[in-house]
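This report refers to the structure that appears directly beneath it.
Throughout, protein chains are lettered first and strands after them, A, B, ... in sequence-line order, and every chain is numbered starting at 1.
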2 protein chains.
Amino acid sequence: MTDAAPTLEDVARVAGVSRATVSRVINGIRNVDTEIQKIVRAAIEQTGYAPNRAARSLVTRRTGAIALVVSGAGSPADQVFGDPFFGRVVSGVVDFLRGHRMHPLLMLADTEDARADVIAHLRQGGADGALLVSTHADDDLPARCVRARLPAVLFARPASSLPISYVDLDHRAGARLAARRLLEQGRKNLGTVSGPLGVPASRDRLAGFRDVAGARVPNEEGNFTHESGEAAMARLLAAHSDLDGVFVANDLMAAGALGVLHRAGARVPEDVALVGFDDSSPARSCRPALTTVRQPVEQMGAEMARLLLARIEDPARAPTPVIFEPALVVRGSA
Amino acid sequence: MTDAAPTLEDVARVAGVSRATVSRVINGIRNVDTEIQKIVRAAIEQTGYAPNRAARSLVTRRTGAIALVVSGAGSPADQVFGDPFFGRVVSGVVDFLRGHRMHPLLMLADTEDARADVIAHLRQGGADGALLVSTHADDDLPARCVRARLPAVLFARPASSLPISYVDLDHRAGARLAARRLLEQGRKNLGTVSGPLGVPASRDRLAGFRDVAGARVPNEEGNFTHESGEAAMARLLAAHSDLDGVFVANDLMAAGALGVLHRAGARVPEDVALVGFDDSSPARSCRPALTTVRQPVEQMGAEMARLLLARIEDPARAPTPVIFEPALVVRGSA
DNA sequence: GTCCCCAGGGAGAGCGCTCTCCCGTACCAT
DNA sequence: ATGGTACGGGAGAGCGCTCTCCCTGGGGAC
């Protein structure tokens, strides 16, 4: 037994056929005699043959990998991967891809260098396409993908219109659900903590909440982290001590808000009702558990992967947005 | 402008040199005249050339990707990627790899098919090596990697001895820190919630705790999820109502335990002191925040990547275990 | 019997790169 | 002048696969 890995040639020799025939058997194309198929499979078994992926890619121009890119300026790795929201996206993507024998390549695009690296990687055929999850509105990676004609699908509508597929949630409708819940619970003095207002989703959630709760409802801006939720809630409370209902634009911030309310001596939901957004794991583990607006993130991740694969299959495919519907999940906090 | 991507040949023609010279400029090897370098770079710029990764891989036998595998029987995607612990590992790995122009390929190995796929992928040269994070003790993937001579590094010591590098924590020492903290706080009636006892780390933590707290300290077994922490704490409380100090083997379960104690009317830390393990994000966002044993997971992830790259560089390299030291982080719960 | 067709299989041309040879030239010491 | 020795650069052989083209032979239609 030599050290070099067996090649098609070796298998062909053992089976007494040509390289082409072995290739046909492996890829299951054209009509190959059943008897010969058996012989070839036995030869593959015997030699321990494994097709060389690089060689195959070279001719098929497919790698079987797609880039899963977390994009946006300055998002440190620990913050991104620590976010349960991102975990859910990954989960949906992986679940879908595995059924198609493809795998995601994790890339962080938090600096200009890193973004250039992502584009280069795709142009070099390091992946067949990209799934982009932007953390900031001014991210230019989607536009660069479009310009370079690289197959890509976004999570969330791009800030400026772009011929590219994306999945998104009807954030505005979701926020309206939250507002209605608070009003139904008899809350009169409402407030809200929004996400960063540069992000369309944040603006939509704020707008939706105000659609129902009134345009002058006070808001404090956070950035979707636990800490920013605490800070924003503290500011809100300082300015409006009579608050009895708050909508916080994601669960992580809502968990932070919960702590601030508790320390301020306000009981939830008795004194202040709280509604979050996302229905991510912190919502379930909080005390009280959060009433929240569910976003089917896993499904959205899977759909994103589906759209990308379709686009890779047919490059002429027209860009499609897919919008998901939110749902209210009632738990203890409101 | 044609549709086909420019190749080395094209660049060479434009620059008026040979393919080999362009290759040298790109890879920065051997001495190429500065003037010619400039010309070549200009030609690259002009043609918009991007080297084809598959072609390069075919001859270098390197892909620039490594597999990041979450292994073990039946770990649904959402459970794995939702776990903040795994997010920290990923974060450390990504952070280290990016400095080396490598990227992790995310793979889930929760079924026999998926495990076979991982091995096949590696044997086909789809990745240069593997980082294995096992969720179960009886995972056979490490052994299969060793058998196939595939470069691999584990997170956590393998259940049975294997010639393979791994990173781990001194769990026993960590659990001793927890026990000492509880004793120092004057707690007399201790109990503990362990992880699944099939996992070496869980056994070590239990053993370490009992080293200090006494061999007969009651334990209830969980499986590291929030829910299992609730259930285990409830059992513990039912059997030992006089408990005043509890060590829970990870923060996620500790957060669950906290909720159970709260509902049982026990104040933390006044009535019952609680110490967690990991120092993951839930520890900070709990109310009260958890006193816990810190595991430098990001560093461990980075070290794992470092070991793997070293092994890939030098296949003859001897397997090395790297053990990290835990540290007590004091917060509100004990 | 002749013709045609088609299934089954081989030959061989690439895919785009790296890297080993090899050759020419300039520069040093002898 | 002569040998030695770098260094700069070209030629060309693969890396291992897919896929088109072509050849062969057997069977059906006429």
Side-chain angles (χ1 to χ4, degrees), chain A residues 2-41 43-44 47-65 101 120-126 128, chain B residues 2-41 43-44 47-65 101 120-126 128:
Chain A
T2 138
D3 205 37
T7 72
L8 257 197
E9 193 70 51
D10 299 323
V11 179
R13 199 178 316 115
V14 170
V17 297
S18 76
R19 243 181 18 249
T21 300
V22 180
S23 178
R24 283 182 195 118
V25 171
I26 290 172
N27 298 303
I29 41 172
R30 280 258 305 254
N31 319 299
V32 176
D33 190 281
T34 322
E35 202 49 42
I36 293 202
Q37 286 196 32
K38 263 190 217 154
I39 296 175
V40 170
R41 284 190 211 292
I44 290 175
T47 52
Y49 172 73
N52 180 308
R53 224 157 165 109
R56 181 178 285 182
S57 290
L58 184 57
V59 38
T60 59
R61 303 181 160 257
R62 286 291 186 75
T63 63
R101 326 213 99 239
H121 202 274
L122 288 166
R123 295 214 321 131
Q124 294 169 4
D128 299 332
Chain B
T2 139
D3 206 37
T7 72
L8 254 198
E9 193 71 51
D10 299 322
V11 178
R13 198 179 317 115
V14 170
V17 296
S18 76
R19 247 182 15 249
T21 300
V22 180
S23 178
R24 284 183 194 117
V25 171
I26 289 172
N27 297 305
I29 40 170
R30 279 259 303 255
N31 318 301
V32 177
D33 188 281
T34 323
E35 201 53 39
I36 293 201
Q37 285 197 30
K38 263 189 217 155
I39 296 174
V40 169
R41 282 188 213 290
I44 290 175
T47 51
Y49 172 73
N52 180 309
R53 230 163 158 106
R56 182 178 288 182
S57 291
L58 184 55
V59 39
T60 60
R61 308 193 150 249
R62 286 291 185 77
T63 63
R101 326 213 100 243
H121 202 275
L122 289 166
R123 296 214 320 134
Q124 294 170 3
D128 299 333

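- Remark: C1' of D/dG16 and CD1 of A/Ile26 are 11 Å apart, rounded to the nearest angstrom.
- With C/dA11, D/dG10, D/dG16 as the candidates, the nucleotide lying closest to the side chain of A/Arg24 is C/dA11.
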Chi angles and distances behind the side-chain contact (heavy atoms from CB on, under 4.5 Å) call for B/Asp10, B/Val14: CA-CA 6 Å; B/Asp10 299 322; B/Val14 170; 5.7 Å; no
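- Between A/Asn27 and the phosphate of D/dT18, there is a side-chain N or O to OP1/OP2 separation shorter than 4.0 Å.
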Between B/Arg24 and B/Ile36, is a side-chain contact (heavy atoms from CB on, under 4.5 Å) present by the stated rule, with each step listed? CA-CA 11 Å; B/Arg24 284 183 194 117; B/Ile36 293 201; over 6 Å; no
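- Which of C/dC17, C/dA11, D/dC15 sits closest to the side chain of B/Arg61 comes down to D/dC15.
- Atom-to-atom, CD1 of A/Ile39 to C1' of C/dG9 comes out at 13 Å; the value is rounded to the nearest Å.
- Considering only the side chain of B/Arg19, C/dC17 comes nearest among C/dG12, D/dG16, C/dC17.
- Listed nucleotides D/dC17, C/dC17, C/dG16 differ in distance to B/Arg56; the shortest reach to its side chain belongs to C/dC17.
- Note on A/Thr21: a side-chain N or O is less than 4.0 Å away from OP1 or OP2 of C/dG10.
- If you take CG of B/Leu58 and C1' of C/dC19, they are 13 Å apart, rounded to a whole angstrom.
- For B/Ala55, the listed nucleotide lying nearest its side chain is C/dC17; candidates were C/dC17, D/dC17, D/dC19.
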Going through the distances and angles, do A/Arg19 and A/Val22 end up as a side-chain contact (heavy atoms from CB on, under 4.5 Å)? CA-CA 5 Å; A/Arg19 243 181 18 249; A/Val22 180; 5.9 Å; no
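- Distance from the side chain of A/Tyr49 is smallest for D/dC17 among the nucleotides D/dC17, C/dT18, C/dA11.
- At the phosphate of C/dG10, OP1 or OP2 sits under 4.0 Å from a side-chain N or O atom of A/Ser18.
- In this entry the distance linking CG of A/Asp33 with P of C/dA7 reads 14 Å, nearest Å.
- Between the CZ atom of B/Arg53 and the C1' atom of C/dT18 there is a distance of 15 Å, rounded to whole Å.
- Following rounding to the nearest Å, A/Leu8 (CG) and C/dG10 (P) show an atom-to-atom distance of 13 Å.
- Note: CG (B/Asp10) to C1' (C/dC15) measures 13 Å, nearest angstrom.
- Distances were taken from every side-chain heavy atom of A/Thr60 (C-beta onward) to each of D/dT18, D/dT20, C/dC19; the shortest belongs to D/dT18.
- Ranked by how close their nearest DNA chain D nucleotide is to the 5' end, B/Val22 and A/Thr7 are led by B/Val22.
- Within the structure, a side-chain polar atom (N or O) of B/Ser23 is placed less than 4.0 Å from OP1 or OP2 of C/dT18.
- For A/Asn52 and D/dC15, the CG to P distance is 11 Å, given to the nearest whole Å.
- The distance from atom CZ of B/Arg53 to atom NE2 of A/His121, rounded to the nearest 0.5 Å, is 3.5 Å.
- Using a distance-only test at 3.5 Å, with no hydrogens or angles considered, a donor-acceptor pair links the side chain of A/Arg123 to the main chain of B/Gly48.
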